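See structure below.
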Amino acid sequence: AVAGFAVDATFASDNAEDHEKSGITYAVNASTSLNGFGLSLGVDQDMKPTVGLSKSMGGLSLYAGYDAADNGGKVGATLSF
């Protein structure tokens, strides 16, 4: 079995318009994979979560995800040959 684990942190400067919040923004994401399955979890500075699931089967990859900051998710497949 091939397994992996990663943690990413992203920091950025946000220049806002008048009367809007500005400053440093950040997001932290952790992901892991095992036997073709992948799971990722994340959170941004507003504590809004992101969740992603994936499954790789040879040339076919299935994925699903949800991002609370975007108020939505996605489901799809990728075929590579």
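Note that the structure is a prediction, hence the values are computed from the model and not measured.
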Query raised in the report: Quick one: hydrophobic cluster around L39, which other residues, with the 4.5 Å side-chain cut-off, linked directly or via members?
Result: L41, V51, L53
**Report entry** For T10, side chain to side chain contact (heavy atoms under 4.5 Å, CB included) partners two or more places apart
**Finding:** none
Report summary line: Taken in chain and number order and not counting sequence neighbours, the residues that satisfy side chain to side chain contact (heavy atoms under 4.5 Å, CB included) with M57 are K55, L60, L62
Can you give each donor-acceptor pair under 3.5 Å made by side-chain atoms of residues 65-81, sequence neighbours left out, with the distance rounded to 0.1 Å?
from: D67; atom 1: OD1; to: A69; atom 2: N; distance (Å): 3.0

Query - Derivation of the side-chain contact (heavy atoms from CB on, under 4.5 Å) call for N29 and T50 - result: CA-CA 8 Å; N29 295 298; T50 59; 3.6 Å; yes
Query raised in the report: Per the side chain to side chain contact (heavy atoms under 4.5 Å, CB included) rule, which among S54, S33, S31 passes with S40?
Result: S31
